[in-house]
There are 2 protein chains.
Amino acid sequence: MPAVDKLLLEEALQDSPQTRSLLSVFEEDAGTLTDYTNQLLQAMQRVYGAQNEMCLATQQLSRQLLAYEKQNFALGKGDEEVISTLHYFSKVVDELNVLHTELAKQLADTMVLPIVQFREKDLTEVSTLKDLFGLASNEHDLSMAKYSRLPKKKENEKAKAEVVKEVAAARRKQHLSSLQYYCALNALQHRKRAAMMEPMLGFAHGQINFFKKGAEMFSQSMDSFLSSVADMVQSLHVAEA
Amino acid sequence: MPAVDKLLLEEALQDSPQTRSLLSVFEEDAGTLTDYTNQLLQAMQRVYGAQNEMCLATQQLSRQLLAYEKQNFALGKGDEEVISTLHYFSKVVDELNVLHTELAKQLADTMVLPIVQFREKDLTEVSTLKDLFGLASNEHDLSMAKYSRLPKKKENEKAKAEVVKEVAAARRKQHLSSLQYYCALNALQHRKRAAMMEPMLGFAHGQINFFKKGAEMFSQSMDSFLSSVADMVQSLHVAEA
């Protein structure tokens, strides 16, 4: 991968218009990235939510299949085969539920969590440091204005010295906050690409695992059960006719 | 499967207490079955709903992955690899979406539809015929009461003949509606077992197909892509450090 653009820390003290202009480019990029990340996170959380709902839905279905036996049907004679068939299906749904639950957990840990962390850590850090840098710049501007309003008379030497000290302190503070802000913006450029790809790696690995186990689960052994149920259903339909 | 209990149509005309008692057993069974079917349908619709939501969620995720390219990042230099990786992931999610959509359709057609039809056709028919039978029985009771209130005097022969005709008509109507009602209750006993098992056959076949195709989709060819992405992410992390 090519090297990314970088804010040079040694330019921070001088704070030239060129540096400010480059800074605004980094800020625009960070803003776009924040919007995009929020939308991506929303889409990923929707996938996770659907996966989670599938866990709950299969749980409910499994319980409902077992509940047939407990209905106390007034005419339950001959229901043994239905009961045992629905029990078996309930077990199948339970096993499927295990796979869905595992996938939901994987999606939470390896897809949603990394992008949440990227947002909470990297993007939030940039936005916090932007605010601090803004405050420090304002303070610096204010102390500079105070300095420029000083009367030129000699008797004000003491007051002047005070203001000069204030300006120096404000400049140090602004310099420090700009260093931190530049570092965070540079780091964001380095991290953003991994941050965009990593969650989808988690997604894909989760799916691979899910399909592998699912294909094993629904193996030939289930085929013979299903065809015997199909025969049973067929014979019931014939009896109806 | 053992033969099911049956309401004998030849008993319908006599309408004896024994027949009424057996009828009430069939009615209780139909009531339990209606409640259970509604709960089972609800559980199945929840699974279908979750599956459908997964279709929509994967659609949104795929679109969001493609949208990275269109963000006009101020610092987009060197994004080519991220863009092509997210494109590939978007294609993977699209293919997964096709499988989810197919499964949702299968669940709708072979799980939800049969149980909806059982409810709309068989259970609703029983409940409608029960109402009609109740109405006809009431009419018959009313005409019988009228008959018993007739004065015994001879001059009322003509009025009496009218009421006798009315009673006979009401009895025929009641007999006919009881025959239809008994038939529907008997048919329900025949159909209920197939109706309980058939949707789960649809469910299982849908899942088998889904996992088979999914396992094929996430084959070795994807493994090499995923490990190259993992390497890329790893090298980006190293560059950060």
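Chain letters run A, B, ... following the sequence lines, proteins first, then strands; residues in each count from 1.
In this structure, the side chains of B:Q189 and A:L75 come closer than 4.5 Å at one or more pairs of heavy atoms. Within the 4.5 Å cutoff, the side chain of B:M232 has heavy atoms near those of the A:M197 side chain. Annotation: side chain of A:R191 is not in contact with side chain of B:H237 (no heavy-atom distance under 4.5 Å). Counting heavy atoms from C-beta outward, B:Q207 and A:V92 have side chains that stay 4.5 Å or more apart. Put simply, the side chain of B:T32 does not reach to within 4.5 Å of the side chain of A:N72, judged on heavy atoms. Between B:D79 and A:K192 the shortest side-chain heavy-atom distance falls below 4.5 Å. B:M54 places none of its side-chain heavy atoms less than 4.5 Å from the side chain of A:M54. Counting only heavy atoms from C-beta outward, the side chains of B:L61 and A:M200 approach each other to under 4.5 Å.
Taking the six-membered ring for Trp, A:F203 and B:F89 have ring centres at least 6.0 Å apart. With ring centers used as reference points, A:F211 lies under 6.0 Å from B:F210.
Although no hydrogens or angles enter the test, the distance criterion places a donor-acceptor pair under 3.5 Å between the side chain of A:Y36 and the main chain of B:Q64. In this structure a side-chain-to-backbone donor-acceptor pair under 3.5 Å is missing from B:Y68 to A:M196. A:D29 places a side-chain N or O within 3.5 Å of a backbone atom of B:A74 that can act as its donor or acceptor partner.
Interface remark: A:A195 contributes no atoms to any contact with chain B (heavy atom separation under 4.5 Å). Proximity to chain B (any heavy atom under 4.5 Å) is restricted, for A:L96, to the side chain, taken from C-beta onward. Residue contact with chain B, scored on non-hydrogen atoms closer than 4.5 Å, involves the backbone and the side chain of A:L40 alike. Using a 4.5 Å cut-off between heavy atoms, A:Q51 contacts chain B through both its backbone and its side chain.
Separating the CG atom in A:L226 from the CD1 atom in B:I208 is a distance of 5.0 Å, to the nearest 0.5 Å. Separation of atoms CD (B:Q71) and CD (A:Q39) is listed at 6.0 Å; rounding is to 0.5 Å.
Considering every non-hydrogen atom in both B:T58 and A:V47, the closest pair reads N-CG2, 4.2 Å. Heavy-atom minimum distance, A:Q60 versus B:A43: NE2-CA, 3.8 Å.
With chain B as the partner, the residue from A:E28, A:E198, A:Q45 showing the most heavy-atom pairs under 4.5 Å is A:E198. Highest contact tally toward chain B, considering only A:D35, A:V93, A:L56, is held by A:L56 [criterion: heavy-atom pairs under 4.5 Å].
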Legend entry - Evaluation steps, salt bridge (Lys or Arg N to Asp or Glu O under 4.0 Å), between B:E81 and A:R193: CA-CA 9 Å; B:E81 274 174 303; A:R193 287 174 186 143; over 6 Å; no
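Annotation for A:E10: atom CD counts as buried by contact number, over 12 foreign heavy atoms lying within 6.0 Å.
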